[in-house]
Each structure stands twice: as structure tokens, then as C-alpha cells.
Amino acid sequence: MHQDGISNRNIQVSVEAEDFDVNQEYHWLRENQMRDGAIVTFVGLVRDMNAGEKVQKLCLEHYPAMAFASLQSIAKQATERWRLGKIRVIHRFGELDLGDQIVFVGVTSMHRGDAFAAAEFIMDFLKTNAPFWKKEQTAKGSRWVDAKQSDQDKTASWQK
Amino acid sequence: MHQDGISNRNIQVSVEAEDFDVNQEYHWLRENQMRDGAIVTFVGLVRDMNAGEKVQKLCLEHYPAMAFASLQSIAKQATERWRLGKIRVIHRFGELDLGDQIVFVGVTSMHRGDAFAAAEFIMDFLKTNAPFWKKEQTAKGSRWVDAKQSDQDKTASWQK
Amino acid sequence: MIKILFFAQLRERLGVAELTQDTLPDTIGALRNELSQQSGLWAELLQKERCLAALNQEIVADNAKLNSGDEVAFFPPVTGG
Amino acid sequence: MIKILFFAQLRERLGVAELTQDTLPDTIGALRNELSQQSGLWAELLQKERCLAALNQEIVADNAKLNSGDEVAFFPPVTGG
């Protein structure tokens, strides 16, 4: 476990309906720092197929008071495990179309292994702990997406 | 081992002196595909410190005929291990300043775990197999960067 | 007094997003049991196996103690990201 | 005839980037030994432990066979990325 002196200014979390601009986020991760040579980003998009059905639209419900705190807490946990520079997490809510951006995670570090691990850790915990729920619209009507056991397993694997 | 039908058009490799635009690369990864919900990117930058010395400039020598083939081969190996959509690899050569972008790896997949693993795999193999050599300029003069045992170990760990 | 929130399938199928109650069960588990007595539907949807609980915006186990003024939320396993 | 390329420290310290030779050693290892006989510096820099070899743009072991027209390259462990 690594206890890092990462300042709150360097952990930025947003929960918003608006779309985000990956370019702008990448520039924030890169600017005003010369120490971190590694930047890893993850973007999640609305896929056209899920559980064998063609998806037309997605509606993301969330628990506003908890969503922000939950993402912030996951980012902080990452800083306790790895030496990181900056962390950016964005999660959208509301109505989303096919191909739309849902989630952004960006991490900087001196070491690429730490940046990769931290970004994946944040995504894995977000998947099982952040209070968001997807409702898909398909030709057969709308349905709530089922949580996946594989996501639970991934989160559990970090706790070994 | 997964044998994927990824087309050559979906693996793009460049070895170039010019800087790259992360935004443009991200758009290429995202466009004309609705299947892959996960996009992972890695960017490597020139760091200000290495081996305890302040770096002023970097010169990247490469073996032109081999560099492209080597990156292409590493990308192909990734498609044999994971089901991927698109892969983009860019490596620069020549004179670079502090904070400049050196390398870009971008991968799309239906599954975030595959995208993370493939991007890290490509970086790890690039670090030990692609024919590039860094020469750093510091206040004490210029020096060739030493290869790291930790990089060898990372590549070896994928072969287990 | 405690505030109780419901999300996603729970909110839709129970037809309630939020309620407040004056009685104060000892724990999250006791509250879960109390609510489950309202009907078969409530009992089914609030089953521990398929319904997480958060206390003051943090996921907790059923033995978490309740205090007046707490915000409790019940929801299905999350599916964001 | 084979073409032999040198990169990075090897190129700088040997003072040669490229040479061609008409004789054709059996293997990369045999070529390495042959070149090492030129001087103590060559012997030192071409040591297998610190000098990789590529045959036609692919990293190979010392037992790789040479054919006329091949491009061989010697270089230190790579440090890109």
C-alpha cells in the first residue's frame, strides 16, 4: 500500500448529464506537470448490442448525493495503492444514444504499470460500487440491465 | 488464445518524427464502430527526471526498416490473445523536448478487461522489442538511457 | 426520523422514490424486515440477495446501526460504467 | 554478401553505422565472433549479454542461419516507449 501526498486539486470527479470532451480531459491530465511520463485513459461508450438484443437508447439513473462521493472515494483508494499524479473521473447520467460516451477515467503516473492498474481498478470498483443503473430501450421495450457476476469477480480480485 | 478476424485496416501503426494529436487518434478509434464499448489509450511523455538527473532534451534513434514491422507484429500478437476492434500505435523518433509526447497506444474492445490488457501488453512488448534508443541531454552532457530489468520482467510475465 | 430512498427497479416496481418514517429500527436489517412486511412484492424486492443498502451514501451491511436523521437507500446491484 | 547495421551506443562507439561484407558466416553467432576479432572494443561491445542481433528486421538468437542478401543489425537493449 502506498500513501501518496496527492492533493485534492489533482483528483477531479464529475457526475453530469452533459457530454465530455476527451481532448480537454487529456490536456488537463498533461498540463502543469513534468513528473508523470505515463497517461492512461479509459472511455466507456453505449454499445449497440447487449445480452443478444439490439440497443436503441440508454437511460442512466443515479443516486445523486452518493454518486459523487462514491467516485471520489474510489479515486482516493487508488491513490493509497499506487503513486499517482492526477486522476479524472466523469460519469454521465440521463438519456444516452448509441455510441455516446458514458464514462471517462484518466490517470497519470511516473510508471506505466501503476497508471494502467489504477485506471482499471477505478473502473472495476465503479462498476460494482457507484450508484448508477442502466435501463436499455430495445425493439421489445425497455429493460433494466442485469449486474454481471464477472464484474463482482473483478472487484473481488483486487481485494486478494 | 483468441484468433480474431481483425482486418489490417483496423491496425494502424506509425513511426514518425512529427507530433501526434491524441484527439484525432481517439476519434479514429471511436468512429465507424458501434460494437466496442471500451477504449483504452496510453500516452508516454518525456519526463523531467531520469535516474536522478534532470533531463533537458531527448533524442530518439531508431532502426527504420525494423521499427514499423516490430510494432505491427506486437499489435498482431495482441489480436491473437484478445478480441479487439481497433489498434493504433504511434512511436516518434528524433529530437524531443521535456513534456513532449513519445508514444501512443489505443485499443478498442467489447470488454474493458481486454482493452486494458491489450494496451498494456503492447506497451510492455514495445519497451523490450521495438528498436528505439533514447539519448538524454542533461546538465552533465548526453548519455544513452539504460534498459531496465523491470521492463524485461514485465514482458516475461506475459509469457507465463 | 429517517429518510428512505429507492432506485431503479425498486423505485419503479414499488412505485415509490422516497419516504420518511418516524419510527427508528435498530439496524438496516431491522428496517429491511419491517418494510418487507408491507406486502409480498416488498418482501420479494427487498431480499438481501438482490437489494443493496446504503446508509448516508455509503454501502453498508445489514448490521449497520441507524440513527435519527439518517438517509437510507435501497437499490439493486449497480450497473453503471 | 550481407549488410550489417549498428545502432545507438554501438554505432557511436564503433564509429560505424553500416558495413557490407562478402564473406558469409554460417550464423549470427559466427558473425558476432568474427567481428569481435577486430579489436578489444569490438569484442567488448558485441558481447551477447549486452548486444542484441536482428536478422532481416527480426530479433534472433545466435544460432540463426545467415544467407546471402541478409540484413543483420547489432544494437544494445532497446529503450523506446
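A, B, ... follow the sequence lines: proteins, then strands. Residue 1 opens every chain.
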Heavy-atom distances under 4.5 Å only: say whether B/A130 touches chain D with side chain, backbone, both or neither. backbone
Determine the option with the most heavy-atom pairs under 4.5 angstrom with chain D, choosing from B/C59, B/A147, B/A69. B/A147
Portion of B/S70 that has a non-hydrogen atom of chain D nearer than 4.5 angstrom: neither
Using 30° and 60° as the class limits, which term best fits the ring planes of B/W158 and B/F121: parallel, tilted or perpendicular? perpendicular
Stacked cation flag B/K86 on B/W28, 6.0 angstrom / 45 deg: yes
Taking the inter-plane angle between the rings of D/W42 and D/F6 on a 0 to 90° scale, is it parallel (under 30°), tilted (30 to 60°) or perpendicular (over 60°)? perpendicular
When you look at D/E12 and B/K135, which way does the salt bridge (charged side-chain N to carboxylate O under 4.0 Å, His left out) test go after all the steps? CA-CA 12 Å; D/E12 275 191 357; B/K135 193 174 191 179; 2.3 Å; yes
With a 4.5 angstrom heavy-atom cut-off, could you sort out which part of B/N129 is near chain D: side chain, backbone, both or neither? both
With no hydrogens and no angle check, is any side-chain donor or acceptor of B/T128 less than 3.5 Å from a backbone partner on B/D151? no
Between B/F132, B/F93, B/F42, B/W133, which shows the greatest number of heavy-atom pairs under 4.5 Å with chain D? B/W133
Can you say whether D/A54 sits under 4.5 Å from chain B via the side chain, the backbone, both, or neither, judging by heavy atoms? side chain
Would you call B/R92 and B/D19 a salt bridge, taking side-chain N to carboxylate O under 4.0 Å as the test? yes
When the 4.5 angstrom heavy-atom criterion is applied to B/K148 and chain D, the contacting part is neither
